[in-house]
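To keep things clear, I will list the structure first and then write my remarks on it.
Excluded from the calculations below are hydrogen atoms, water molecules and symmetry mates; all remaining heavy atoms, backbone and side chain alike, are included. Lettering of chains follows the sequences in order, A, B, ..., and the numbering in each one begins at 1.
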Protein chains: 2
Amino acid sequence: MRKLKTERQPEILDAALAIADEHGLDALTMRAVAERIGVTPMAIYGYFRNKNELLDGLVGRLLTSLPQALPGESWDQRLGAFAWATRRLARDHPGVFPLLFARPSVTPDAVAVVDLIYQALIDAGVPDADVPRIERLITTFVLGFATSEANGRFSASGDGIRSRRARGDFPAHQRLLAHLDSPADLDAEFAADLADLVRIIRPV
Amino acid sequence: MRKLKTERQPEILDAALAIADEHGLDALTMRAVAERIGVTPMAIYGYFRNKNELLDGLVGRLLTSLPQALPGESWDQRLGAFAWATRRLARDHPGVFPLLFARPSVTPDAVAVVDLIYQALIDAGVPDADVPRIERLITTFVLGFATSEANGRFSASGDGIRSRRARGDFPAHQRLLAHLDSPADLDAEFAADLADLVRIIRPV
DNA sequence: ACCTGAACACCGTTCAAGT
DNA sequence: ACCTGAACACCGTTCAAGT
């Protein structure tokens, strides 16, 4: 198992991210990355053992770009900052973002993010024994929401499609017709969801 | 745009699902599917326009296998049935399940599932205007939880890895050490999460 | 009406060689 | 120490042909 070079790793990840952002995840090939940094495909293998490790590197890159906690912020401010930053990440990098769900992240970058959330929950008064569960609850939702947006899972149901389906034997759709095709202000929806989730956390 | 044959579609989807279940999503190639049903790769293209449509078919197959609502069940029974069935689906088909997040599902199968949840929320007393948002909130979490499990996002943090990371500058991890490596009874955790979410729904 | 065969333009990755 | 060139074993998909 040869030792990997690290010098040009950031440059390679930059190129990979740019390709995915511009042309989608499918266009992210070793050959394309190589061409972008002006090198032969095989040169990449000096820096990443294979494509999977390159994708892991990309996930790490996304995670480190999340904001650190600022001193003096309240726990719900810190939680909100994390949530909104995550969502913005998905909007900025819709091609790569879903990888966060696919690859279990135990890199130091990932742990740092988790630690931030743990601390916020502790400060909120969540019992120690419940903190890890609530952390998974929150991040699962936030990641899921952001991934849904990145993949178009929400927007595809707007735009008249769903209401057109409302005939037939979908009685609840029929009843809710007036509420189905709103242009879906996802900012407001996300804010409302976060408020609901915080109600779970907040000590009674 | 030639008309597709439909006769052998179920047979093809069965084969595709079996391959993904047995050898993972990466092994699901047109060539492998063809071989499994004893046909040339090009024969598949008579039934699915391309590989993407075959994957869409697979998603549809998963959705239709979710249980219908039984008459006489309370709204939280119906919601719970959906949630647990979804999670079992992810355990039975970890390779394909994450596709549910990737592909916006507006097929009749998908709408049927959504309609079931809409009705449960209506019965729970959620105001009509809030029902679509709460539906997205619930399904995003349930799908996210099940996908996390299927992808090993949760289990990878158990098994000592996380606690080993707890040194260094991760103070919250340090404090929670005793609670980090529990073998993670995910059944109990999922149940607790659902109970918390139902508290959002249940009218005060 | 349904399927096959051969071919094309790609992949990720290996190995041995070059400077 | 770092990179290249050629090759291998795959992909999805096209087109024209077979029965």
For this session: Please step through side chain to side chain donor-acceptor pair (under 3.5 Å) for the pair D115(A) and Q119(A), ending with a clear verdict.
Result: CA-CA 6 Å; D115(A) 203 72; Q119(A) 193 59 57; over 6 Å; no

Seminar exercise, completed: Taking dC3(C), dA6(D), dT13(D) as options, the one with an atom nearest any side-chain atom of K51(B) is dT13(D)

Exercise. Does CD belonging to E73(B) count more than 12 external heavy atoms closer than 6.0 Å?
Worked result: yes

Exercise. Of all the nucleotides listed (dC3(C), dT13(D), dG5(D)), which has the minimum atom distance to the side chain of Y45(B)?
Worked result: dT13(D)

Seminar exercise, completed: When D92(A), D187(A), D193(A) are each screened for salt bridge (charged side-chain N to carboxylate O under 4.0 Å, His left out) with R87(A), the one that passes is D187(A)

Exercise. Any idea how F145(A) and F190(A) line up, ring-wise: parallel (<30°), tilted (30 to 60°), or perpendicular (>60°)?
Worked result: tilted

For this session: Would you indicate, yes or no, if dC3(D) has its OP1 or OP2 atom less than 4.0 angstrom from a side-chain nitrogen or oxygen of Y47(A)?
Result: yes

Problem set entry | Between P of dG12(D) and CE of M42(B), the distance in whole Å | 12 Å

Problem set entry | Nearest to side-chain heavy atoms of R31(A), which nucleotide of dG5(C), dC3(D), dA7(D) | dA7(D)

For this session: Among dC15(C), dC11(D), dG12(C), find the nucleotide with the atom closest to the side chain of T29(B).
Result: dC11(D)

Exercise. Does any nucleotide pair with dA9(D) by Watson-Crick or G-U wobble geometry, both distances under 3.5 Å, and what is it?
Worked result: none

Exercise. Taking a pair as Watson-Crick or G-U wobble with both distances under 3.5 Å, which nucleotide is matched to dT4(D)?
Worked result: dA16(C)

Problem set entry | Between C1' of dT14(C) and CZ of F48(A), the distance in whole Å | 20 Å

Problem set entry | Whole-Å distance separating the CE atom of M30(A) from the C1' atom of dT14(C) | 13 Å

Seminar exercise, completed: Per atom distances to the A43(A) side chain, the nearest of dT13(C), dT4(D), dC2(D) is dT4(D)

Exercise. Are any of R8(B)'s side-chain N or O atoms less than 4.0 Å away from OP1 or OP2 of dC3(C)?
Worked result: yes

Exercise. Which listed nucleotide (dC2(D), dT4(C), dC3(C)) is nearest to the side chain of T40(B)?
Worked result: dT4(C)

